[in-house]
Amino acid sequence: MRKGIAGAKSNPFSREGVAFSPAWKKRLAASLLPLPLLLAAPAGLLPQNGQASVSATAVQMEADAVNKGRGNMSERDGEAGAVSVAEEQLQEARAQLWALYGGENRRITDGAYDKSLAVKCVNGTFVGKKTENIVAYRGIPFVGRQPVGELRWKAPVEVVPDDGVYEAYYNAKSAYGNKDMETGSLYYQDEDCLYLNVWKSAEPAAAGKKPVMVWIHGGAFEAGGTVDPMFDCHSFVKENPDVIVVTIAYRLGPFGFLHLSHLPDGKDYPDAQNLGLLDQLMALKWVHENIASFGGDPDNVTIWGESAGAGSCTMLPLLEGSQRYFRRVIAQSGSPNQTKSPEEGIACTNILLDALGCKTAAELQKVDAQKIMDASAVLSMCQFPERDGRYLPLDPYEAYAKGAAKDIAILQGCNKDEFDFFVAGFGLEVFQAWGADRKSKWMAGLPAKDKKMVESFLRDVKADAKSAHPAPASALGHPGPSGESYEKDSRFFSHVWFIDPIFKLSECQTKGGGKSYTYYFTPESTVPLVKSGHSIELAGIFNHPEETFDTGRVFDETFSKTMRKMWVQFAKTGNPSLSASLSPDGKAKEWPLYDLKDRRVMVFDEFNIHPEKESERKIVDWDRTYYLTKYYMLLPTSEAK
């Protein structure tokens with residue numbers, strides 16, 4: 001578990017000890033263990049000089065750590081000796097990911113490659129691998145120079161023409177990220193990280209070019225990566241061969257979202273606060289210019305993400321010039337509220353600088369990347385894109401309401417018990433401490449009227465006795481620092497971080513003349529405390545029934561297939577409704593547009609997918625929490641005063 005560092009006690013953003021619990025990380029690592037473990041990489045996989053390299057020495061070190069029952073304590077901790085069982089399993093999980101996706105994509109100079117799997121792009125010809133008639137291209141760079149050395153905290157560099165032929169067999173390393181939060185961050189990390197992957201069926205399109213779906217991973221903007229097995233799109237494309245799927249990487253945490261322009265030498269880094277978004281935009285530009293060579297339609301692209309990825313997808317339409325690269329957005333549990341103000345950005349940077357003993361960007365530039373990543377633990381769950389007025393508007397919701405994205409169709413929604421995922425992940429004790437601390441620091445700056453409304457909401461929250469898979473009574477009744485059940489804070493943060501901001505986006509997009517299809521997901525996990533928590537829909541959406549880490553079970557096959565068909569239908573046509581002939585259960589599914597009167601949503605009950613007025617479910621507390629969306633992510637600063 002990550003711990004706070006210098007200055008944490010006086011740091012309003014500090015969440016010392018807040019990371020996924022050892023038990024949760026043990027489950028995370030164990031969830032990968034049944035996969036084939038190839039600790040001794042074949043000669044063809046051993047890296048040499050070239051793109052996306054991972055050293056054979058590093059792989060052997062990981063293998064030794066697992067085989068000997070002991071490991072290398074992380075260098076950043078400066079410790080040696082035996083490691084915990086959880087740490088050993090995390091090391092083994094890294095080796096598992098290497099076995100699945102690791103290797104080095106080399107330049108092919110002898111002409112010995114399958115020409116039918118080669119695709120000529122602006123920056124090279126890339127050769128993929130075919131399995132079951134699905135061709136995967138992994139580790140394709142979408143920038144001309146990677147953001148290392150002098151390019152750290154600089155805008156992404158456009159690709160340059162290249163006549164070389166390259167393997168596209170293996171995933172690149174992940175961006176530096178919080179390994180305690182996401183599977184993608186368990187993999188080898190590097191600042192050399194801006195690569196993408198493409199999946200397509202070898203079958204040609206029935207007519208014309210295929211629609212394209214570009215996936216942007218989540219992870220609180222500080223973790224995750226495309227190497228996560230959940231985002232292996234082989235099964236998705238095998239079921240839906242009439243679309244092409246792309247997954248993209250971007251810079252995270254202090255490398256992707258760090259305000260620097262206020263520093264004495266900060267004028268040289270005017271984009272640092274939103275580099276992750278600019279990376280995503282550069283990837284979309286690459287897709288626009290090259291996807292036709294894969295058989296995709298550059299004029300029919302849907303951007304698609306969950307959590308931070310969904311937030312990204314709702315912010316990208318607001319970046320100048322972005323809408324030429326996509327027509328539609330699918331946003332699962334994320335919205336423009338996942339942002340910070342310039343003042344909050346400056347406060348975050350100053351805390352990080354204090355922790356590292358730096359005063360200027362030049363001094364920070366000299367610090368090792370891993371040390372910066374470790375120090376950023378004091379800012380976890382606060383490292384969001386910035387409403388800087390340069391790339392993102394100061395009020396993204398107002399921009400939507402004024403029609404900024406009226407030509408972009410949006411499919412978006414939330415899960416019934418969003419924050420219960422974090423309760424399970426952090427562990428009850430840590431979550432209750434984090435929730436109480438975050439809420440009290442933020443509420444200290446609230447006007448009295450707003451504070452009373454929050455207190456009224458919290459008083460009315462009861463333990464969820466209706467859960468289909470309730471947590472043990474001892475857990476539900478476990479008192480937090482305030483003597484209350486965890487349910488109060490979990491329900492509160494579910495509303496103000498996810499549910500209400502998503503409905504606000506539906507409201508604003510509709511007011512601005514745009515289209516919004518909104519959903520409400522209700523199936524529950526059997527994992528204690530998770531319920532219908534954040535991200536549990538992913539296994540069904542990506543057609544990975546074997547991924548039961550979050551769900552604890554396999555959701556109904558027809559239900560999950562119907563969701564996938566709706567997502568694909570939306571990507572194809574801009575309307576997720578299904579005719580009887582397209583619907584897996586043979587019954588038509590008419591998904592109504594969100595409107596300001598009835599506020600109709602598609603309710604994804606596991607055995608009854610149907611439209612419903614929001615008022616019938618009372619999904620949003622319009623009087624007591626909806627208005628809190630004006631405070632965005634409730635960062636503990638004085639901005640609320």
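- Heavy-atom minimum distance, L97 versus T183: CD1-O, 3.7 Å.
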Checking F142 against Y195 for the ring pair (Phe, Tyr, Trp, His ring centres under 6.0 Å) test, could you report, in this order, the C-alpha distance in whole Å, the side-chain angles of both residues, the deciding distance, and whether it holds? CA-CA 6 Å; F142 60 82; Y195 299 82; 7.7 Å; no
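- Atom-to-atom distance recorded for K120:NZ and N290:CG is 10.0 Å, nearest 0.5 angstrom.
- Both tests pass for R94 against the ring of Y188: distance under 6.0 Å to the centre and angle within 45° of the axis.
- Looking at every heavy atom in both residues, V212 comes nearest to G296 through CG2-CA, 3.9 Å.
- With sequence neighbours left out, D585 forms a salt bridge (Lys or Arg N to Asp or Glu O under 4.0 Å) with K589.
- V329 is listed as a side-chain neighbour of C313, based on a closest heavy-atom distance under 4.5 Å.
- The closest side-chain heavy-atom distance from I291 to K210 is not below 4.5 Å.
- Side chain of Q189 to main chain of K173: no donor-acceptor pair is present (N/O by atom type, distance under 3.5 Å, no hydrogens or angles).
- Between C233 and T247, some side-chain heavy-atom pair lies under the 4.5 Å cut-off.
- Judged by distance alone, the side chain of N274 and the main-chain N or O of P385 form no donor-acceptor pair under 3.5 Å.
- In this structure, the side chain of S560 does not engage the main chain of E557 through any donor-acceptor pair within 3.5 Å.
- Checking W567, F542, W199 one by one against W215, the ring-ring contact (aromatic ring centres under 6.0 Å, His included) holds for a single residue, F542.
- Q280 is listed as a side-chain neighbour of I216, based on a closest heavy-atom distance under 4.5 Å.
- A cation-pi contact, defined as under 6.0 Å to the ring centre and within 45° of the axis, links K115 to Y113.
- Contact between M181 and S380 at its shortest, heavy atoms only, is SD-OG, 4.1 Å.
- Counting heavy atoms from C-beta outward, P576 and Y519 have side chains that stay 4.5 Å or more apart.
- Salt bridge D299/K209: absent, no basic N to carboxylate O contact under 4.0 Å.
- Scanning all heavy atoms of the two residues, the minimum distance from Y250 to L194 falls at CA-CD2, 3.9 Å.
- Although no hydrogens or angles enter the test, the distance criterion places a donor-acceptor pair under 3.5 Å between the side chain of T314 and the main chain of G311.
- The CD atom of E537 lies 9.5 Å from the CZ atom of F559; values are rounded to the nearest 0.5 Å.
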Evaluate the criterion salt bridge (Lys or Arg N to Asp or Glu O under 4.0 Å) for residue pair E150 and R145; output intermediate values, then yes/no. CA-CA 11 Å; E150 64 182 10; R145 293 175 62 193; 3.4 Å; yes
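- From D297, atom CG reaches atom CD1 of I244 across 9.5 Å, with rounding to the nearest 0.5 Å.
- Within the 4.5 Å cutoff, the side chain of V301 has no heavy atoms near those of the V246 side chain.
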For a side-chain hydrogen bond (donor to acceptor under 3.5 Å, both in side chains) check, start with the C-alpha distance between T226 and N171, then their side-chain angles and the critical distance, and finish with the verdict. CA-CA 8 Å; T226 64; N171 272 74; 3.3 Å; yes
Chi angles and distances behind the side-chain contact (heavy atoms from CB on, under 4.5 Å) call for T562, L578: CA-CA 9 Å; T562 300; L578 299 178; 4.1 Å; yes
Evaluate the criterion ring pair (Phe, Tyr, Trp, His ring centres under 6.0 Å) for residue pair W153 and F257; output intermediate values, then yes/no. CA-CA 9 Å; W153 293 308; F257 304 100; over 10 Å; no
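- With hydrogens and angles ignored, the 3.5 Å screen pairs a side-chain donor or acceptor of N123 with a backbone N or O of P141.
- In K515, the NZ atom is not crowded: 12 or fewer heavy atoms of neighbouring residues, nucleotides or ligands sit closer than 6.0 Å.
- Without hydrogens or angle criteria, T551 side chain to R553 main chain gives a donor-acceptor distance under 3.5 Å.
- Under the 3.5 Å distance criterion, the side-chain polar atoms of S333 are left unmatched by any main-chain donor or acceptor of H534.
- Scanning all heavy atoms of the two residues, the minimum distance from L275 to F255 falls at CD1-O, 3.8 Å.
- Without hydrogens or angle criteria, Q332 side chain to G305 main chain gives no donor-acceptor distance under 3.5 Å.
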What verdict does the ring pair (Phe, Tyr, Trp, His ring centres under 6.0 Å) test give for F126 and Y137, after you've listed the backbone C-alpha separation in whole Å, the side-chain angles of each residue and the deciding distance to 0.1 Å? CA-CA 7 Å; F126 298 97; Y137 301 83; 8.4 Å; no
Would R138 and N105 count as a side-chain hydrogen bond (donor to acceptor under 3.5 Å, both in side chains) if you check the C-alpha gap in whole Å, the side-chain angles of each, and the deciding distance to 0.1 Å? CA-CA 9 Å; R138 300 178 184 272; N105 289 322; over 6 Å; no
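- For the side chain to side chain donor-acceptor pair (under 3.5 Å) with E239, the qualifying choice from H234, R564, K561 is R564, the only one to do so.
- Under the 3.5 Å distance criterion, the side-chain polar atoms of S322 are matched with a main-chain donor or acceptor of L316.
- Ion pair R251/D279 flagged as a salt bridge, since at least one NZ, NE, NH1 or NH2 atom sits closer than 4.0 Å to an Asp/Glu carboxylate oxygen.
- At distances below 3.5 Å, at least one donor-acceptor pair connects side-chain atoms of E167 with backbone N or O atoms of R106.
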Steps toward side-chain hydrogen bond (donor to acceptor under 3.5 Å, both in side chains) verdict (S335, Q412): CA-CA 9 Å; S335 68; Q412 59 160 345; over 6 Å; no
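- Considering SG of C121 and OH of Y166, their distance stands at 12.0 Å, rounded to 0.5 Å.
- Under the 6.0 Å distance and 45° angle rule, K154 counts as a cation-pi partner of Y269.
- Contact of the Y325 side chain with the L281 side chain is registered, since non-hydrogen atoms from C-beta on lie closer than 4.5 Å.
- Ring geometry for W591 against Y517 counts as perpendicular: the plane angle is over 60°, on a 0 to 90° scale with 30° as the lower cut.
- Between A249 and C193, the shortest heavy-atom distance links the atoms CB-O, 3.4 Å.
- Inter-residue side-chain proximity for L252 and M373 is flagged as unmet; no heavy-atom pair is nearer than 4.5 Å.
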